[in-house]
Amino acid sequence: MTDPNTPQPAAAAPLSHEQDVQWASFAHLGGILGILPSLIIWLVFKDRGSFTNTEAKEALNFQITLTIATVALWIAVTVLTIVTFGIGAVLGFLTYVPWILGVVFSIIAFLQVKDGRHYRYPFALRLIK
């Protein structure tokens, strides 16, 4: 049971327009580091700014797509290496392709969003609606 005299935590204040754009752009730029920055920004700020909510979801969906692609490539290269007795290891560089694409598209998205324009990645699974 909660005590009715216990003060309840105040709801976080909505983001100003400048803060909304700033956090939305950071959600994209954080993609350079992986999935966690966009996930954290979305979870913390999704109810405080609509622009941040939209852009952080977009960044998160893109990062999820890249994570799935990285795992799939890693499995494929590993299986190919086993089946070909090591020759498939030559294709190991392919596991870096999603990370390189992530860096490039995260920077492009950051540059668009920091000016207050929405950005949609050219390929991403839209798992977070």
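Side-chain atoms are counted along with the backbone in the values below, which use heavy atoms only and exclude waters and symmetry mates. Model, not experiment: these values are computed from the prediction.
For the atom pair CD of Q22 and NZ of K114, the computed distance is 12.5 Å after rounding to the nearest 0.5 Å. Of the inter-residue distances, the one linking W42 atom CH2 with D47 atom CG reads 9.0 Å to the nearest 0.5 angstrom. Here L73 contributes atom CG and L80 contributes atom CG; the two are 11.5 Å apart, rounded to the nearest 0.5 Å. The distance from atom CG of N53 to atom CD of E55, rounded to the nearest 0.5 Å, is 10.0 Å. Separation of atoms CZ (F45) and CZ (F26) is listed at 10.0 Å; rounding is to 0.5 Å. Taken to the nearest 0.5 Å, the NE2 atom of H28 stands 11.0 Å off from the CG atom of L111.
Heavy atoms only, all atoms of each residue included: V113 and V21 are closest at O-CG1, 3.4 Å. Minimum interatomic distance between S38 and A59 (heavy atoms only, all atoms of both residues): CB-CB, 3.9 Å. Taking every heavy atom of both residues into account, T95 and G92 meet most closely at OG1-O, 2.8 Å. The two residues I41 and A56 have their closest heavy-atom pair at CG2-CB, 4.3 Å. F110 and S25 get closest at one heavy-atom pair: CD1-O, 3.4 Å.
Ring centers of W99 and Y96: at least 6.0 Å apart, outside the cut-off. Aromatic rings from F105 and F123 are positioned such that their centres are separated by under 6.0 Å. Here H118 and F51 bring their ring centres to under 6.0 angstrom of each other.
No single ILVMFWY cluster, assembled from side-chain heavy atoms under 4.5 Å apart, contains both I68 and I75. By the criterion of side-chain heavy atoms lying less than 4.5 angstrom apart, applied directly or through intervening Ile, Leu, Val, Met, Phe, Trp or Tyr residues, I128 is grouped together with L43 in one hydrophobic cluster. Connection of L127 to V71 is not established within any shared hydrophobic cluster, with ILVMFWY side chains joined at heavy-atom distances below 4.5 Å, either directly or through further cluster members. Residues I100 and L33 do not share a hydrophobic cluster, defined by chaining ILVMFWY side chains whose heavy atoms lie under 4.5 Å apart.
Each side-chain hydrogen bond (donor to acceptor under 3.5 Å, both in side chains) pair with one or both residues in residues 61-78, not counting sequence neighbours, would appear here, but there are none.
Screening I40, I64, L66 for a side-chain contact (heavy atoms from CB on, under 4.5 Å) with I35, the sole residue that qualifies is I64.
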